[in-house]
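Following: one structure in structure tokens, then a few remarks.
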Amino acid sequence: MKIRVFLLAVLVFISEGIFVEIFSGLLYKTDYILVPRFIMIFLVFLTVYGKKEMAIWYGFGLGIFYDVVYTEILGIYTFTLPLMVYLSSQLMKILQANIGIVSAVSLLVISILEIIVFEMNSLIGFASLSFIDFAKMRLLPSLLLNLGFLILFAYLFAKWLRKWTVEEDF
């Protein structure tokens, strides 16, 4: 059922913003920057347990919304989310598609996404951190946050997306 996948994508997109709003008071009192990348996790799971083409289109559409809602650089997520979907699909051609490997690939593409965004922001002067500071203050804390999300939701994502994308074919 396409509507279920779409509604899950919308829910995950909104949950990133809600997470930041709920925890922003706590997050601003620390030197660490926690960036939820729940959308990227959803897209990797959709790539593996659903359909790659669908995931690329969702990556493109969600990337546009992400750029419009959250960023000052239009186009960075529109380009990088589908690119990360493609990269994860290529990795999964050589790796086993079990939930642990898919979760590890999710964290890998989140790392790559974070580095690309950091480098783009550094290039245009929005970021002034060194790469080491970026890794300590943003990348590692964000990976831990997203690992927690994976621990909570990876099984459900795999189960739902596998079921819903198969049902869609009938």
Side-chain angles (χ1 to χ4, degrees), residues 1-24 33-93 97 99 101-121 123-124 126 138-139 142-143 145-150 152-170:
M1 303 267 186
K2 286 183 183 179
I3 191 70
R4 289 180 183 170
V5 175
F6 175 77
L7 291 174
L8 182 59
V10 170
L11 179 66
V12 171
F13 183 84
I14 292 170
S15 72
E16 281 190 14
I18 291 171
F19 177 87
V20 171
E21 284 298 316
I22 289 173
F23 293 104
S24 63
I33 303 166
L34 299 168
V35 181
R37 295 293 183 200
F38 308 154
I39 285 294
M40 193 69 256
I41 292 168
F42 166 79
L43 290 171
V44 172
F45 275 72
L46 182 59
T47 302
V48 175
Y49 296 110
K51 296 182 177 165
K52 180 179 89 170
E53 296 79 19
M54 179 188 286
I56 289 172
W57 282 109
Y58 271 89
F60 181 73
L62 291 167
I64 290 171
F65 283 116
Y66 212 95
D67 282 334
V68 169
V69 174
Y70 295 121
T71 70
E72 297 176 12
I73 309 170
L74 292 179
I76 190 162
Y77 289 98
T78 304
F79 172 74
T80 55
L81 290 184
L83 179 65
M84 295 300 104
V85 167
Y86 178 77
L87 175 64
S88 63
S89 74
Q90 296 305 304
L91 282 170
M92 293 313 298
K93 285 182 180 180
I99 203 159
I101 298 295
V102 176
S103 296
V105 168
S106 296
L107 293 174
L108 175 65
V109 297
I110 288 169
S111 299
I112 295 168
L113 175 66
E114 284 295 316
I115 291 168
I116 290 171
V117 170
F118 169 73
E119 292 297 334
M120 290 299 294
N121 282 321
L123 186 67
I124 60 174
F126 284 169
R138 179 177 171 143
L139 182 60
S142 296
L143 288 174
L145 166 68
N146 288 291
L147 175 61
F149 182 83
L150 278 162
L152 294 173
F153 294 104
Y155 175 76
L156 290 174
F157 277 6
K159 179 180 173 184
W160 291 340
L161 292 171
R162 187 180 297 126
K163 181 180 178 192
W164 294 343
T165 54
V166 168
E167 285 178 357
E168 169 192 311
D169 290 336
F170 295 109

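Everything numeric here is computed off the predicted structure, so don't read it as measured data. Positions are given from 1 along the sequence.
Within 6.0 Å of CZ in Phe60 there are 12 or fewer heavy atoms belonging to other residues, nucleotides or ligands.
Side chains of Val44 and Ile110 form no contact here, defined as non-hydrogen atoms less than 4.5 Å apart. You'll find the side chain of Ile99 reaches within 4.5 Å of the side chain of Phe45, heavy atoms only. The shortest side-chain heavy-atom distance between Asn146 and Ser106 does not fall under the 4.5 Å cut-off. Under the 4.5 Å side-chain criterion, counting only non-hydrogen atoms from C-beta, Ile39 is not in contact with Tyr77. Considering only heavy atoms from C-beta on, Ile115 comes within 4.5 Å of Glu119 through its side chain. Leu145 has its side chain within reach of Phe19: a pair of non-hydrogen atoms, C-beta onward, lies under 4.5 Å apart.
Shown here for Gly50 and Thr165, the closest heavy-atom pair between the two residues is CA-OG1, 3.4 Å. Heavy-atom minimum distance, Ala97 versus Val48: CB-CG1, 3.9 Å. Of all non-hydrogen atoms in Thr47 and Ser89, the two that sit nearest each other are CG2-CB, 3.5 Å.
Between Tyr70 and Phe13, the distance separating the two ring centers is shorter than 6.0 angstrom.
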Would you be so kind as to tabulate the donor-acceptor pairs closer than 3.5 Å made by side chains of residues 79-86, with sequence neighbours excluded?
unit_1	atom_1	unit_2	atom_2	d
Thr80	OG1	Ile76	O	2.7

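By the side-chain contact (heavy atoms from CB on, under 4.5 Å) test, Ala9 is found to be paired with Phe42, Tyr58, Leu62, residues two or more places apart in sequence or in another chain being considered. Considering only residues two or more places apart in sequence or on other chains, Phe153 meets the ring pair (Phe, Tyr, Trp, His ring centres under 6.0 Å) condition with Phe149. Legend: residues meeting side-chain contact (heavy atoms from CB on, under 4.5 Å) with Phe126, ordered by chain and number and at least two apart, are Glu72, Ile73, Asn121, Ile124. Residues forming a side-chain contact (heavy atoms from CB on, under 4.5 Å) with Ile101 (at least two apart in sequence, or on another chain): Met92, Leu95, Asn98, Val105.
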**OP:** Walk me through it: do Glu16 and Val20 pass the test side-chain contact (heavy atoms from CB on, under 4.5 Å)?
**Re:** CA-CA 6 Å; Glu16 281 190 14; Val20 171; 5.8 Å; no

**OP:** Show your reasoning for whether side-chain contact (heavy atoms from CB on, under 4.5 Å) applies to Phe157 and Val12.
**Re:** CA-CA 11 Å; Phe157 277 6; Val12 171; 3.6 Å; yes

Original post:
Does the pair Leu108 and Leu91 meet the rule for a side-chain contact (heavy atoms from CB on, under 4.5 Å), with working shown?
Top reply: CA-CA 10 Å; Leu108 175 65; Leu91 282 170; 3.6 Å; yes

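If you take OG1 on Thr78 and CZ on Phe65, they are separated by 10.5 Å, rounding to the nearest 0.5 Å. With rounding to the nearest 0.5 angstrom, the CZ atom of Phe38 is 10.5 Å from the CD1 atom of Ile18. Taking CD1 of Ile64 as the start and CG of Asp67 as the end, the distance is 8.0 Å to the nearest 0.5 Å. Taken to the nearest 0.5 Å, the CG atom of Leu147 stands 9.5 Å off from the CG atom of Leu152. To the nearest 0.5 Å, atoms CD1 (Ile3) and CH2 (Trp164) are separated by 11.0 Å.
Every pair passing salt bridge (charged side-chain N to carboxylate O under 4.0 Å, His left out) that includes a residue from residues 105-117 is listed here, sequence neighbours excluded: Arg37-Glu114, Glu114-Arg138.
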